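The structure appears below as structure tokens.
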Amino acid sequence: MSKNSKNFYCLDMFPYPSGAGLHVGHPRGYTATDVFSRYKKLQGYDILHPMGWDAFGLPAENYAIKNKIHPEKVVAENVARFKDQLNKFDLSYDWDKEINTTDPKYYRWTQFIFLKLFERGLAYEAETPINYCPSCKTGLANEEVINGKCERCGTQVVRKNIRQWILKITEYADRLLEDLDGLDWPEPIKEMQRNWIGRSEGSNIVFDIKDSKEKIEVYTTRADTLFGCTYVVLAPEHELIEKLKTQSSNVKEINEYIEKSKNKSDLERTELQKEKTGVELKRINAINPINGKEVSVWVADYVLGHYGTGAVMAVPAHDERDFEFAKKYDIPIIHVIKPSDDINQDQTEVFTDYGILINSAEFDGMTSAEANKKITEKLKSSNHGDFTINFKLRDWVFSRQRYWGEPIPIVHCEKCGIVAVPENDLPIILPHVENYQPVGDGSSPLSNESDPAIAAWLNTKCPNCGGPAKRETNTMPQWAGSCWYYIAYLIMIGNEYIWDRKKIDPWLPVNLYVGGAEHAVLHLLYSRFWHKVLYDEKLVGTKEPFQRLISVGTILGIDGLKMSKSRGNIIDPDPLLEKFGSDALKLYELYIGPFSQPAKWNQNGIVGMHRFLQKVEKLSEIKFSEKNDGSKIIINKAIKKVGEDIESFSFNTAISTLIEAFSDITKNGWDKKSAEVFLTLLSPFAPKMANSVSNKINTSLSTWPEFDEKYIVNEKVTVAIQINGKVRDEIEISINDSEDEIKDIVLNREKVKANISGAEIKKFIYIKDKIISIVV
RNA sequence: GCCCUGGUGGCGGAAUUGGUAUACGCGCAUCACUUAAAAUGAUGUGGCCGAAAGGUCGUGUGGGUUCGAUUCCCACCCUGGGCACCA
């Protein structure tokens with residue numbers, strides 16, 4: 001079964017129901033999807049436009065801890081409040097499909113998907129150094145670290161070794177990258193995902209070690225610079241160091257250095273201002289496989305252990321970092337690339353661009369691209385190198401040492417080790433406990449056995465051998481629930497969720513998905529990953545979840561800054577709704593500016609929309625006249641323009657078209673048909689007013705009108721006359737007039753004659769419908 | 001540093017493939033209605049010169065291509081976002 005072409009799935013990124021409630025910025029996206037849904041419905045589509053709550057996660061939990069109210073209660077209260085506020089906007093949501101990620105019936109399936117990941121070997125447990133937020137007291141995913149700080153609270157992240165569940169998102173790196181091409185998403189967001197995935201084509205090159213069987217394999221994208229390699233560097237984590245250091249004369253120094261860099265956070269290690277440091281593995285020499293030259297071997301923390309092979313060949317002449325390091329430690333610098341267009345370049349500096357090879361034996365004179373290939377091929381023939389591909393994307397740290405999340409459906413058995421909970425035992429319900437403060441030592445609050453409520457949950461039987469076992473106490477991150485919620489709406493029947501391709505396939509992929517660009521590499525990457533796993537499991541039928549994505553621009557406070565409680569610049573929609581009504585507020589939400597761009601709130605802006613609606617209201621009092629061509633032309637042009645603008649999310653211009661059409665027809669005279677069409681065009685934006693007026697004048701707004709081409713084409717048009725590039729006159733012409741006819745008329749006009757004042761006409765240009773340009 | 005946005009009146013912003021820059025809304029000014037104010041309606045509203053007609057300068061800055069550039073090209077400046085020792 002595949003997507004039903006009559007079905008239109010119009011989806012908002014579901015909100016986190018925060019305690020602060022809605023401000024005027026939230027409904028911008030909701031208003032847009034509302035307009036779009038209503039518009040598509042008028043076109044005869046079956047619309048799915050659901051809403052729900054992404055309610056697990058830190059804010060509710062932190063609020064709960066602070067105010068000593070259980071998160072369950074906090075969430076229930078916030079949801080009620082949010083929903084109440086949202087309803088005041090008169091949005092056309094299918095509330096019978098309301099979902100909540102904290103509902104055990106819901107997270108039964110979140111856990112189910114985790115089991116699928118586990119079965120496929122895509123979820124594994126590991127104790128590795130990860131990013132840890134000391135304030136939230138939990139591990140974080142790479143994507144949740146912004147400039148070295150916790151995405152949630154802004155605290156500086158530290159490195160910590162904690163037992164973690166990790167998802168192998170890297171296994172899907174290629175597909176996540178490739179399938180972006182087929183998506184109708186904003187290019188900048190695709191680009192952000194591409195950069196985050198960070199595919200890089202290069203070569204692995206093997207350096208033998210002198211008087212040893214060990215080898216160092218490095219990754220480089222610049223095999224063309226291999227002749228310029230004067231040392232190789234191992235990351236402090238590199239396992240080869242253990243083997244090599246015993247033979248070097250400065251073991252103590254090396255150990256100290258490794259110990260020191262272990263304690264550094266990623267931020268400290270990558271601080272740009274920071275001077276590079278490193279230690280040579282003395283008496284160890286590596287052999288450059290291309291020319292047999294011996295080079296020194298170093299350990300330095302400017303090389304990352306988790307990328308490529310954790311080792312690099314250093315070419316100080318053609319890499320900034322190596323250059324800096326080589327200068328500091330007095331390592332030779334050999335130039336092997338010259339810029340193609342500049343033979344006399346100053347060879348004391350670094351040159352990092354591609355160019356032409358020099359000092360590279362038989363490769364001299366080749367371009368970088370050519371040499372890259374040829375050098376790697378030569379190495380390949382002697383088993384000292386090959387082409388390879390690397391990704392920046394790292395596996396997803398998936399466990400949190402926090403209470404308010406989905407329990408991971410795993411038990412730890414003394415005999416059997418890690419055992420998956422059988423699907424029939426799902427959901428593993430998060431126990432209702434009183435003590436859920438985070439601990440901070442890398443353990444979860446759910447491992448505190450001194451609390452009897454926790455102990456009762458924690459101690460269980462192994463599903464495998466029946467012996468004593470303990471539940472996994474880490475919980476899932478907030479992103480888990482939102483990874484598949486667009487499917488949850490489809491499989492919800494009554495109050496139950498039943499996974500059924502017959503329900504899913506007719507609606508996927510989501511036709512239109514609207515939300516903030518801040519999720520470009522978090523939610524939008526994670527859910528694409530899960531979706532692909534579900535696709536491989538044949539649990540969904542499409543490779544991608546969201547076909548068209550539009551990002552909504554943030555609405556800023558009147559001070560031009562992001563609205564926040566602490567800045568005190570939050571605009572509460574309630575008084576505006578009361579004074580002007582939902583129609584006017586929604587109109588202004590969209591009229592304020594281009595949809596995907598940020599916009600400053602202006603308290604007065606809504607007034608114009610209110611005035612417009614008041615005028616529309618008076619339509620019910622006027623006497624309709626006979627149809628006339630003037631109004632027909634206006635309304636047909638409006639049908640075309642408003643439809644196109646809605647399709648392209650240019651709501652601001654759609655609304656100005658409506659305003660303009662209204663005042664033009666008012667000047668021309670309203671007939672009933674024009675009024676009906678106008679109200680239909682208005683109805684997605686201002687449904688209350690449109691329907692109320694339509695009732696009064698006794699028409700119905702059930703179908704989106706089609707425009708009549710013959711009223712759209714202009715027969716007469718006013719064009720400007722330019723003389724030497726300056727507008728000097730304008731003239732109304734019929735579009736069927738020939739250029740000669742027009743030339744005749746134009747050149748005899750008084751203003752034109754005056755401006756030419758007898759000079760010779762060098763050129764006469766007539767662009768049909770647009771302009772007449774005379775050059776003298 | 002790299003990648004991506006955007007820069008147009010007092011303000012938010014319009015302008016199809018290069019073709020009358022400033023649509024639409026806000027604000028402001030004048031007028032009408034009113035005892036008055038609010039609300040509403042009408043007219044006007046980029047700068048400069050001019051009584052007007054009209055002229056002239058104007059889309060971040062400096063160049064270029066073109067009969068014609070907000071739009072295309074080159075260099076630079078600023079705003080917002082993302083990434084950041086990824087070899």
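Just so you know, these numbers come straight off a predicted model, no measurement behind them.
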What contact category does [X] fall into here, base, sugar-phosphate, or nothing, at under 4.0 angstrom with non-hydrogen atoms?
X: E660(A); value: sugar-phosphate
X: V775(A); value: sugar-phosphate
X: I592(A); value: sugar-phosphate
X: K615(A); value: sugar-phosphate
X: S773(A); value: base
X: R728(A); value: sugar-phosphate

Pairing nucleotide - [N], Watson-Crick or G-U, each distance under 3.5 Å:
N: G27(B); value: U45(B)
N: A36(B); value: none
N: G19(B); value: C67(B)
N: G1(B); value: C83(B)

Taking the side chain of [X] as its heavy atoms from C-beta onward, which of [options] lies nearest to it?
X: I659(A); options: G25(B), U5(B), C26(B); result: G25(B)
X: V727(A); options: U40(B), A15(B), U20(B); result: U20(B)
X: A720(A); options: G27(B), U20(B), C4(B); result: U20(B)
X: T221(A); options: A84(B), U40(B), A87(B); result: A87(B)

For [N] versus [M], give the span between their [atom1] atoms, rounded off to a whole number of Å.
N: U45(B); M: A53(B); atom1: P; answer: 11 Å
N: U59(B); M: A51(B); atom1: P; answer: 27 Å
N: C78(B); M: C85(B); atom1: C1'; answer: 28 Å

TODO: Between protein and nucleotides 73-81 of chain B, map the contacts as a letter string: B base, S sugar-phosphate only, - none, heavy atoms under 4.0 Å, written 5' to 3'.
DONE: ---------

TODO: Check whether any side-chain N or O of S656(A) sits under 4.0 Å from OP1 or OP2 of G13(B), and answer yes or no.
DONE: no

Task: Glycosidic conformation of G9(B), taking syn as within 90° of 0 and anti otherwise - done: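 For G9(B), whose glycosidic angle is within 90° of 0, the conformation is syn.
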
Open item on the list: Counting distance alone, no hydrogens or angles: does the base of C85(B) have a donor or acceptor under 3.5 Å from a partner atom on the side chain of K276(A)?
Closed with: yes

Open item on the list: Using only modelled atom types and a 3.5 angstrom limit, is any donor from either the side chain of K726(A) or the base of U56(B) paired with an acceptor on the other?
Closed with: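 Side chain to base: no pair below 3.5 Å.
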
- [ ] Determine whether R194(A) and L180(A) make a side-chain contact, defined as any pair of heavy atoms from C-beta on separated by less than 4.5 Å.
- [x] yes

